[in-house]
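See below for the structure under consideration.
Quick note on labels: first sequence line is chain A, next is B, and so on, each numbered from 1.
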Protein chains: 2
Amino acid sequence: MVTTKAPKVSFKAQMLQAREQALIDVMNRLLAEKGFEAMTVDEVAAEVGIAKASLYKHFPSKEDLAAAAMAHLMDKALAFVQAMPADQSALDKLRATVAWTMRLKLAGQMPTLPSQNSTLRTALMRNKGYMDGLMEVSERLGAWIEEAQAQGQVNTALQPVVVLYTLFARACDPVLEFLKATEQYDDDAIVDMVMSTCFDGLRQR
Amino acid sequence: MVTTKAPKVSFKAQMLQAREQALIDVMNRLLAEKGFEAMTVDEVAAEVGIAKASLYKHFPSKEDLAAAAMAHLMDKALAFVQAMPADQSALDKLRATVAWTMRLKLAGQMPTLPSQNSTLRTALMRNKGYMDGLMEVSERLGAWIEEAQAQGQVNTALQPVVVLYTLFARACDPVLEFLKATEQYDDDAIVDMVMSTCFDGLRQR
DNA sequence: GTCTATAATCAGATAGAC
DNA sequence: GTCTATCTGATTATAGAC
C-alpha cells in the first residue's frame, strides 16, 4: 500500500531535514556571533546535540555548512523582497529591505563571512542555492534601483551597481554594533540613524 | 668618554627598533591582506627573516603584535590630521581624511581587525599608544564635525558620534574591494564614488 | 545515521643552548 | 636576542562499531 509506506519515508525525511535545519540555525547564529574562523564545528554539533561525525554526514566540510547557512539567509532575503507590497515606491522598497537586513544584524542573526577567505568563497560559489538566491535578490534590487533613479528618487549620477553594493554593505556595517555598544540607543534609533546616513548622506541637505 | 659610548648603545637600540619596525610593517600588510585570524605568526617571522622565538622576544603575543601595528597606524593617521592645512573648511578636512583612509585600504595597507575577537580587543585597549592615538584622532575629527555642523555643512540632525563612526567605518568598507574586484574602475573613481555615497547619500539631491 | 575514539594537522607559545 | 627544536592545545576530518 502506498498510503502506509509513503508517510513512513516522509517522516524519516522530515526528521533529517529538521536536523539539518537545526544545524543551519545554530551555524547561522555562531557565524553572526563569532565569525567563520573563530567559530568551531564542535560548537555547532554540541549545541544541536549530535556528534561531530554525524554533522559531517550532513555537510562535507565547515565551508559547506557555512555556505548552506548563507543559502538559507538568501532564501529568507528573497522571500522578504518577494513579499514586498506592490503599492510602495521603489525607493521605499529599497529602504524597507535595507532596514530589514540591519535589524537582522542587530538581532545577531546576520552571518558575517570574511571577504578574503578563498576556500569559503569557492564553497559559496559552488552552492547553487546561494548563488541563485544572490542573483535573484540582486536582480530585484537592481530593478528597484533603476526604477527609483528613473523616478528621480535615487541619485542618477551613481551607477546602479554602486548603489547595490552600498545597500548590501549595510548588512555588515560595523557602525551598527559600534552604536549598539554605546548603549545609548535602542535598535529602532540605530536603524533610523544609519538609514539616514546611508540614504541622505552626512552633508546638510 | 660619553661621545664614544653613547653612539654604541644608540646603534644597538636603532637596530632593535628597526627590526621591530620591520615586524610591524609586515604585520600591517598581512593584517590587510588576510586578516588577523587567517594570518600566522610564522609568516611574519619568515618574511622578516628571523625565528619565531625571536619575534616573541619583541612582542609577547600575536594580539600584542597586532596592537602595535594598529598603534603605528594611529600614529600615521594622527600625523595626517595634524598636517592638514588650516585654510580648509572643516568639511574638506573630514573629506580629505576619509579619502586618505580609503586610499590606504585600496593600497592594501589598511589592517582590518575582527570586531568580535575579545582577546584582541583587550590587547588593543591595553596598548597605550593605540588608545592615545585613537583618542587624539577622535577628538580632532569630533571638533571638525561640530565645526562643520555649526557652519551648516554637515547634517545637524545627526549626533557627532554617529558621524564619527560613519567616517571611521569607511576605512573598512567592503564596497571598496567589491568595486575593485569588478576591475571596471581605477582607485580614483572608486574613492570618488564611495565619497559621494558617504557624504551625499544615495537619494537624489 | 549516529556514536566513540582517534587520526592528522596546524598554530601559538616556550625551553634551553649559544 | 637569536637560534633550533619542541610542547601544548585546539581544530578539521575520519574510521569503524552499532
Side-chain angles (χ1 to χ4, degrees), chain A residues 8-24 26-27 30-31 33-69 113-114 116-124 126, chain B residues 8-24 26-27 30-31 33-69 113-114 116-124 126:
Chain A
K8 195 174 182 182
V9 174
S10 172
F11 177 72
K12 267 192 180 176
Q14 277 185 15
M15 292 300 292
L16 279 183
Q17 200 174 354
R19 181 116 41 187
E20 280 202 2
Q21 190 56 55
L23 286 168
I24 287 177
V26 170
M27 182 70 176
L30 290 178
L31 280 177
E33 280 177 11
K34 320 173 73 170
F36 179 76
E37 338 245 57
M39 167 264 309
T40 70
V41 179
D42 294 76
E43 287 176 300
V44 181
E47 288 207 25
V48 172
I50 67 173
K52 185 166 47 172
S54 305
L55 182 153
Y56 274 95
K57 297 285 183 178
H58 291 271
F59 302 97
S61 75
K62 184 184 182 183
E63 282 79 7
D64 285 283
L65 177 52
L113 303 181
Q116 302 117 330
N117 188 319
S118 61
T119 70
L120 194 45
R121 281 189 73 87
T122 57
L124 276 177
R126 270 192 237 280
Chain B
K8 195 174 183 183
V9 173
S10 171
F11 177 73
K12 268 192 180 176
Q14 276 184 16
M15 291 301 292
L16 278 184
Q17 200 173 355
R19 181 116 42 187
E20 281 202 2
Q21 191 54 54
L23 286 168
I24 287 176
V26 170
M27 183 68 175
L30 290 178
L31 279 178
E33 280 177 10
K34 320 173 72 171
F36 179 76
E37 338 245 60
M39 168 261 315
T40 70
V41 180
D42 294 78
E43 286 176 300
V44 181
E47 288 207 25
V48 173
I50 66 173
K52 183 163 55 170
S54 306
L55 183 154
Y56 274 96
K57 297 284 184 179
H58 291 271
F59 302 96
S61 73
K62 183 184 184 184
E63 282 80 6
D64 285 283
L65 177 53
L113 303 180
Q116 302 117 329
N117 190 319
S118 61
T119 70
L120 193 47
R121 282 189 72 86
T122 58
L124 277 176
R126 271 192 236 280

Fill in: Nearest atoms (heavy-atom pairs only) where B/Ala67 meets B/Leu124
CA-CD2, 3.8 Å

Practice prompt. Please name all residues satisfying side chain to side chain donor-acceptor pair (under 3.5 Å) with A/Asn117, sequence neighbours left out, ordered by chain then number.
Written response: A/Glu37, A/Thr119

Practice prompt. Taking all heavy atoms of B/Val48 and all of B/Ala22, pick out the closest pair and write down the distance.
Written response: CG2-O, 3.8 Å

Discussion item. So which atom in A/Ala69 and which in A/Ile24 form the shortest heavy-atom distance, rounded to 0.1 Å?
Written reply: CA-CG2, 3.9 Å

Item to complete: Using the test side chain to side chain donor-acceptor pair (under 3.5 Å), find all partners of B/Ser118 that sit at least two apart in sequence or belong to another chain.
Response: none

Worksheet item: To the nearest 10 degrees, how far apart in direction are the end axes of the helix from C/dG1-D/dC18 to C/dC18-D/dG1, each fit to five base pairs?
Response: 10°

Fill in: Contacts of type side-chain contact (heavy atoms from CB on, under 4.5 Å), residue A/Glu47, not counting sequence neighbours
A/Val26, A/Arg29, A/Leu30

Worksheet item: What residues form a side chain to side chain donor-acceptor pair (under 3.5 Å) with B/Gln116, not counting sequence neighbours?
Response: none

Practice prompt. Could you tell me from which nucleotide to which nucleotide of DNA chain C, 5' to 3', there is an atom under 4.0 Å from chain A heavy atoms?
Written response: C/dG1 to C/dT4

Practice prompt. Assess whether side chain to side chain contact (heavy atoms under 4.5 Å, CB included) is satisfied between B/Met39 and B/Val44, documenting all intermediate values.
Written response: CA-CA 8 Å; B/Met39 168 261 315; B/Val44 181; 4.1 Å; yes

Could you tabulate the donor-acceptor pairs under 3.5 Å formed by side-chain atoms of residues 49-60 of chain A, not counting sequence neighbours?
residue	atom	partner	partner atom	Å
A/Lys52	NZ	A/Asp42	OD1	3.3
A/Lys52	NZ	A/Asp42	OD2	3.0
A/His58	ND1	A/Glu20	OE2	3.2

Worksheet, complete the sentence: Per the under-4.0 Å heavy-atom filter, residues of residues 43-60 of chain A near DNA chain D come out as A/Lys52, A/Ala53, A/Tyr56

Item to complete: Output all residues satisfying side chain to side chain donor-acceptor pair (under 3.5 Å) with B/Ser61, sequence neighbours left out; order by chain, then residue number.
Response: B/Asp64

Response to the item:
When rounded to whole Å, the CG to C1' distance for the pair A/Asp42 and D/dT12 reads 8 Å

Worksheet entry | Between P of D/dA10 and CD of A/Glu37, the distance in whole Å | 18 Å

Worksheet item: Just checking B/Met39: base, sugar-phosphate only, or nothing, at a heavy-atom cut-off of under 4.0 Å?
Response: sugar-phosphate

